[in-house]
> 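I am attaching a structure below and will ask some questions about it afterwards.
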Amino acid sequence: MRRVTLFLNGSPKNGKVVAVYGTLSDLLSVASSKLGIKATSVYNGKGGLIDDIALIRDDDVLFVCEGEPFIDPQTDSKPEGLTGSHTDWLTLNVGGRYFTTTRSTLVNKEPDSMLAHMFKDKGVLEEARFFGIDSLIEHLEVAIKNSQPPEDHSPISRKEFVRFLLATPTKSELRCQGLNFSGADLSRLDLRYINFKMANLSRCNLAHANLCFANLERADLSGSVLDCANLQGVKMLCSNAEGASLKQCNFEDPSGLKANLEGANLKGVDMEGSQMTGINLRVATLKNAKLKNCNLRGATLAGTDLENCDLSGCDLQEANLRGSNVKGAIFEEMLTPLHMSQSVR
């Protein structure tokens with residue numbers, strides 16, 4: 001997924017980070033909503049008109065217009081009668097003689113010169129560093145930091161994500177790594193093979209969602225609802241699903257690829273009635289979890305913290321419980337006998 005930063009025409013402040021999906025009309029619609037204008041056209045940082053969504057690259061900076069010509073946000077006052085491809089004209093007083101040139105000439109011609117450092121984006125700060133004016137450097141750094149546009153960390157809604165899914169070819173790799181979906185309703189969606197690594201999915205509704213072979217490594221799923229979700233072959237290494245509900249989920253893949261929840265934080269989860277044959281829960285934390293009537297045949301529970309875990313009615317045939325902590329765990333109404341060699345603590 002491509003993400004771009006949108007600014008109002010001629011302004012380098014108060015930008016909005018948005019996801020690019022669908023057509024150019026979809027982008028203009030999102031820009032109108034985010035910037036509070038009626039967007040009609042989009043330009044890149046050099047004033048080039050974007051007329052095809054395919055021309056937009058990840059992390060591009062774009063300027064949105066309501067029909068007016070492009071305005072360079074870096075424009076300085078330009079002397080009358082001077083025309084050309086540059087709009088950042090400068091007039092320098094050198095020993096009483098005036099020279100007119102462009103900022104790009106000063107910056108690019110001799111990039112290591114003092115003039116180049118002075119007229120870069122942080123020119124005054126570079127000058128203060130060059131001359132060692134320590135008392136000014138700290139104030140300038142704070143001023144530059146405060147002048148930066150605030151980042152948009154608002155969660156992605158179901159509507160935005162569905163439009164993105166519909167506009168993406170089925171064979172494309174979907175990268176949602178590190179994105180914020182907190183509180184979103186993603187129930188009953190087809191989310192197979194999507195990379196949600198380190199994404200914020202806390203308090204999400206993922207009930208009945210298809211997450212087969214999805215990558216949820218180190219994702220935050222705390223407080224989420226995943227009841228009846230399809231989790232075949234899912235990767236949830238070191239994920240945080242504390243307090244989540246995973247009732248009647250299916251982790252069992254007929255092809256033999258096992259779900260991997262190694263090192264996951266599953267404190268207080270409710271996984272009652274889930275199919276977890278062969279699942280890898282090595283060194284995971286399942287303290288106070290509810291696993292009643294789960295199918296854990298051949299599961300790897302070595303080193304797992306099962307303190308006060310309710311395992312009543314579970315099928316633990318051939319499960320590996322070596323080194324697991326079963327203090328206070330409930331093993332009532334077991335479907336198969338639990339062999340003593342399976343648990344040594």
Side-chain angles (χ1 to χ4, degrees), residues 1-80 82-91 102-108 118-126 139-164 167 176 178-182 184:
M1 179 177 63
R2 292 170 293 173
R3 289 178 290 184
V4 299
T5 305
L6 300 179
F7 291 97
L8 289 173
N9 187 22
S11 172
K13 299 181 179 180
N14 302 320
K16 298 290 184 180
V17 179
V18 302
V20 178
Y21 54 82
T23 65
L24 188 61
S25 297
D26 293 323
L27 179 61
L28 291 172
S29 176
V30 171
S32 298
S33 174
K34 292 285 186 178
L35 299 176
I37 63 172
K38 188 176 181 181
T40 60
S41 53
V42 179
Y43 293 87
N44 64 15
K46 295 183 178 180
L49 178 64
I50 304 292
D51 57 5
D52 190 333
I53 198 78
L55 300 174
I56 298 175
R57 297 173 298 181
D58 197 22
D59 292 327
D60 269 356
V61 175
L62 305 177
F63 296 89
V64 184
C65 308
E66 294 184 283
E68 74 277 13
F70 173 74
I71 302 173
D72 191 337
Q74 300 296 331
T75 299
D76 287 330
S77 56
K78 179 177 176 180
E80 294 183 4
L82 289 176
T83 59
S85 60
H86 299 284
T87 57
D88 53 344
W89 290 92
L90 300 168
T91 300
T102 62
R103 184 189 304 270
S104 57
T105 298
L106 295 173
V107 171
N108 299 325
M118 287 174 60
F119 288 99
K120 285 180 180 177
D121 291 339
K122 300 177 182 179
V124 179
L125 177 59
E126 291 291 343
H139 295 291
L140 289 172
E141 288 177 341
V142 172
I144 291 172
K145 183 178 180 181
N146 292 337
S147 67
Q148 298 299 316
E151 296 184 15
D152 187 1
H153 295 294
S154 57
I156 297 173
S157 67
R158 178 185 178 94
K159 182 178 179 181
E160 288 177 313
F161 193 54
V162 168
R163 291 175 67 181
F164 169 60
C176 298
L179 296 185
N180 184 6
F181 295 91
S182 180

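Quick note: residue numbers are just sequence positions, from 1. The figures here come from the full heavy-atom set of this structure, side chains too, leaving out hydrogens, waters and symmetry mates.
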> How close do K38 and E66 get, counting heavy atoms only, and between which atoms?
N-OE2, 3.1 Å

> Roughly how far, to the nearest 0.5 Å, is OG of S157 from CZ of R163?
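It comes to 9.0 Å.
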
> Suppose the criterion is ring pair (Phe, Tyr, Trp, His ring centres under 6.0 Å): which pairs have a residue in residues 21-62, not counting sequence neighbours?
Y43-F70

> Looking at every non-hydrogen atom in both residues, tell me the closest pair between G45 and F63 and how far apart they are.
CA-CE1, 3.7 Å

> How far does CG of L6 sit from CG of L35, to the nearest 0.5 angstrom?
6.0 Å

> Using residues 47-56 as the side-chain source, report each donor-acceptor pair under 3.5 Å to any protein atom, sequence neighbours left out, with the distance given to one decimal.
{"residue": "D52", "atom": "OD1", "partner": "A54", "partner atom": "N", "Å": "3.0"}

> When you measure from the side chain of S182 to the backbone N and O of P155, does any donor-acceptor pair fall under 3.5 Å?
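No: the side chain of S182 does not pair with the backbone of P155.
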
> Please find the pair of heavy atoms, one from R57 and one from D60, that lie closest to each other, and give the distance.
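Looking at all heavy atoms of both residues, the closest pair is N-OD2, 2.9 Å.
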
> Could you state the interatomic distance from NZ (K16) to OG (S33), rounded to the nearest 0.5 Å?
10.0 Å

> Using modelled atom types and a 3.5 Å cut-off, is there a donor and acceptor pairing between side-chain atoms of S32 and backbone atoms of L28?
yes

> Between V18 and L27, is the side chain to side chain contact (heavy atoms under 4.5 Å, CB included) condition met? List the steps.
CA-CA 9 Å; V18 302; L27 179 61; 4.2 Å; yes

> Atom SG of C65 and atom CG of L8: how far apart are they, to the nearest 0.5 Å?
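Nearest 0.5 Å value for the SG-CG distance: 9.0 Å.
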
> Check for a donor-acceptor pair, side chain of D58 on one end and backbone N or O of R3 on the other, with a separation under 3.5 Å.
yes

> Using every non-hydrogen atom in the two residues, find where I71 and N9 come nearest and quote the distance to one decimal.
N-OD1, 2.9 Å

> Would the distance check show the side chain of T5 and the main-chain N or O of V17 forming a donor-acceptor pair, the cut-off being under 3.5 Å?
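Not at all, since once roles are kept as given, no pair shorter than 3.5 Å links the two residues.
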
> Looking at every non-hydrogen atom in both residues, tell me the closest pair between T40 and G67 and how far apart they are.
OG1-N, 2.9 Å

